[in-house]
Novice: 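Dropping a structure here in structure tokens format, bear with me for questions.
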Protein chains: 2
Amino acid sequence: MTEAPSEGMTISAAAEASGLSVDTLRYYEKEGLTLHRPERSSSGQRRYTEQNVAWLGTLVMLRRTGMPIRDIKKFVELYRVDGSEADRLAILEAHRRHVIEELAEVQTHLEAINRKIDYYNEKVMGR
Amino acid sequence: MTEAPSEGMTISAAAEASGLSVDTLRYYEKEGLTLHRPERSSSGQRRYTEQNVAWLGTLVMLRRTGMPIRDIKKFVELYRVDGSEADRLAILEAHRRHVIEELAEVQTHLEAINRKIDYYNEKVMGR
DNA sequence: ATGACCCTTGGAGCGCGCTCCAGGTCAAGC
DNA sequence: GCTTGACCTGGAGCGCGCTCCAAGGGTCAT
């Protein structure tokens, strides 16, 4: 909570705020996943704005729903293309379909797990 | 559908039935994930029984819900321990909790994706 | 000015889960 | 008897997503 240097948060603060590790933040940046690169302090350290951190949230959202790094990269690159909104929308919609399918499959397997648990409950507790 | 050799299905048939690849089947066996190793034909080829294939289904269920190979291995090993039903049940219940948490998280992210899609729909279609 | 601490970079390393390959055996069909 | 094709083994290789490391710099408190 010691903010004064110039402005914006340090990489460790951004890491904590996003739930990612410092190494992952640098890795994502290197991979071209950042919408805007964070500014640098006079001594060359990254300074994250609220906007930067908000985008990290989007990255987390995409990663945790299973979008591969390379696909995220393509998505980000579209932000640099004027009038690519429809393309970005299409990617998001395709991803949404994918996520929904994944969820459905996992839920099906979850039901199988439940049945197996029920079976063990009968077996173990004789009930 | 050409079954005659001795009995049970070949590895490729088991692969197709389980949705896994032939290589993965051999890999799982090597890793000790099989409940019972498939019998071998006179020439040393694997012959899968319905039971073998049913267990593959369990492996798929555990894997696709995110259980790591090493944890599945521990789970399988308990089948060789008499009276380990309660332990196996505990593992399944812990896994179920984990899966449910995962589902909840993904669903939360899915809602964020939906909001982003809505945003683009307004932006792109002006509606 | 010494030490602590956080930051920088480029690049190596790693755990996971397969996936592929070489070299060989076997059974069946022509 | 020869080819074809599915199978075998041990082990190497790979794509992914980080994660760690070495070597160094800046800032600050003591």
Side-chain angles (χ1 to χ4, degrees), chain A residues 1-34 37-48 52 56 58-76 98 102, chain B residues 1-34 37-48 52-53 56 58-76 98 102 109:
Chain A
M1 299 294 175
T2 319
E3 291 306 311
S6 56
E7 61 172 313
M9 47 177 95
T10 63
I11 193 167
S12 59
E16 188 162 357
S18 64
L20 296 168
S21 76
V22 166
D23 279 322
T24 299
L25 254 47
R26 284 193 282 244
Y27 167 68
Y28 283 179
E29 188 179 329
K30 206 186 306 191
E31 289 298 304
L33 266 47
T34 51
R37 297 198 146 196
E39 300 287 310
R40 299 301 181 111
S41 71
S42 56
S43 63
Q45 295 187 359
R46 291 172 182 79
R47 289 293 178 265
Y48 290 79
N52 291 146
L56 293 178
T58 302
L59 292 181
V60 168
M61 168 189 95
L62 295 175
R63 281 295 302 126
R64 294 256 47 208
T65 50
M67 187 181 283
I69 299 284
R70 100 186 71 87
D71 292 1
I72 298 181
K73 189 173 181 176
K74 284 179 202 151
F75 180 64
V76 178
H98 181 77
E102 277 282 299
Chain B
M1 299 293 179
T2 318
E3 292 305 312
S6 56
E7 62 172 311
M9 46 177 96
T10 64
I11 193 167
S12 59
E16 189 162 356
S18 64
L20 297 168
S21 77
V22 167
D23 279 322
T24 299
L25 255 47
R26 284 193 281 245
Y27 166 68
Y28 282 0
E29 188 180 328
K30 207 187 302 193
E31 290 297 305
L33 266 48
T34 52
R37 298 198 143 196
E39 300 286 309
R40 297 302 181 109
S41 72
S42 56
S43 63
Q45 294 188 1
R46 292 172 181 77
R47 289 294 177 264
Y48 290 79
N52 291 146
V53 174
L56 293 179
T58 301
L59 292 182
V60 168
M61 167 190 96
L62 295 175
R63 282 295 300 128
R64 294 256 49 210
T65 49
M67 187 182 284
I69 299 284
R70 100 186 72 84
D71 291 2
I72 299 181
K73 190 172 182 180
K74 285 179 204 154
F75 180 64
V76 177
H98 180 77
E102 278 282 298
H109 288 310

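Just so we're on the same page: letters track the sequence lines, and every chain starts at 1. Since this is a predicted model, take the numbers as computed values, not measurements. Values below: every heavy atom of this structure, side chains too, minus hydrogens, waters and symmetry copies.
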Novice: Listed in order of residue number, which residues of residues 25-34 of chain A have a non-hydrogen atom at under 4.0 Å from DNA chain D?
Specialist: A/Y27, A/Y28
Novice: Would you please confirm or rule out a distance under 4.0 Å between OP1 or OP2 of D/dC18 and any side-chain N or O of A/S21?
Specialist: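 Checking A/S21 against D/dC18: no side-chain N or O falls below 4.0 Å of OP1 or OP2.
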Novice: Taking the nucleotide of DNA chain D with the closest heavy atom to each, which residue, B/D23 or A/D23, is nearer the 5' end?
Specialist: B/D23
Novice: How many Å lie between CG on A/L20 and P on D/dC20, as a whole number?
Specialist: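 It is 14 Å, rounded to the nearest whole Å.
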Novice: When the distance from CZ of B/R37 to P of D/dC8 is rounded to whole Å, what number comes out?
Specialist: 12 Å
Novice: Picking from C/dC16, C/dT8, D/dC8, which would you name as closest to the side chain of A/I11?
Specialist: C/dT8
Novice: Take atom CD in A/E39; do more than 12 heavy atoms of anything else shown fall under 6.0 Å from it?
Specialist: no
Novice: Below the 4.0 Å mark, does D/dC7 have OP1 or OP2 next to a side-chain nitrogen or oxygen of B/T10?
Specialist: yes
Novice: Expressed as a whole number of angstroms, how long is the span from A/L56:CG to D/dC18:P?
Specialist: 13 Å
Novice: Measure from CZ on A/R47 to P on C/dC7 and round the result to the nearest Å.
Specialist: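 So the CZ-P distance, A/R47 to C/dC7, works out to 8 Å.
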Novice: Taking only N and O in the side chain of B/S42, is any of them less than 4.0 Å away from OP1 or OP2 of C/dC26?
Specialist: no
Novice: C/dG17 C1' sits how many Å from B/D71 CG, rounded?
Specialist: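 Nearest whole value for this atom pair: 14 Å.
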Novice: Can you find a side chain N or O atom of A/T24 that sits less than 4.0 Å from OP1 or OP2 on D/dT19?
Specialist: yes
Novice: Please name the pair of heavy atoms, one in B/A15 and one in B/S21, separated by the smallest distance, quoted to 0.1 Å.
Specialist: CB-C, 4.0 Å
Novice: Looking at A/A14, is its backbone amide N or carbonyl O close enough to the side chain of A/S18 to form a donor-acceptor pair, meaning the two atoms are under 3.5 Å apart?
Specialist: yes
Novice: Does A/R64 pair with A/E102 as a salt bridge, N-O distance under 4.0 Å?
Specialist: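 Not counted as a salt bridge, because no side-chain N and carboxylate O are separated by less than 4.0 Å.
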Novice: Using atom CE of A/M9 as one end and atom P of C/dC6 as the other, report the distance to the nearest whole Å.
Specialist: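 The answer, rounded to whole Å, is 17 Å.
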Novice: May I ask you to decide if B/M67's main-chain N or O and B/R63's side chain share a donor-acceptor pair within less than 3.5 Å?
Specialist: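 Yes: the side chain of B/R63 pairs with the backbone of B/M67.
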Novice: Rounding to a whole Å, what distance do you find between A/Q45:CD and C/dC6:P?
Specialist: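 Value for this atom pair: 11 Å.
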Novice: Return the value, rounded to whole Å, for the distance between atom CE of B/M67 and atom P of C/dC16.
Specialist: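 Going from CE in B/M67 over to P in C/dC16 covers 15 Å.
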Novice: Measuring to OP1 and OP2 of C/dC7, would you say a side-chain N or O of A/R46 lies under 4.0 angstrom away?
Specialist: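 So the side-chain polar atoms of A/R46 never come under 4.0 Å of the phosphate oxygens OP1 or OP2 of C/dC7.
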Novice: Report the distance from atom CD of A/Q45 to atom OG1 of A/T10, rounding to the nearest 0.5 Å.
Specialist: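 Rounded to the nearest 0.5 Å, the CD-OG1 separation comes to 8.0 Å.
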Novice: Evaluate whether atom CD of A/E16 has more than 12 neighbouring non-hydrogen atoms of other residues, nucleotides or ligands under 6.0 angstrom away.
Specialist: no
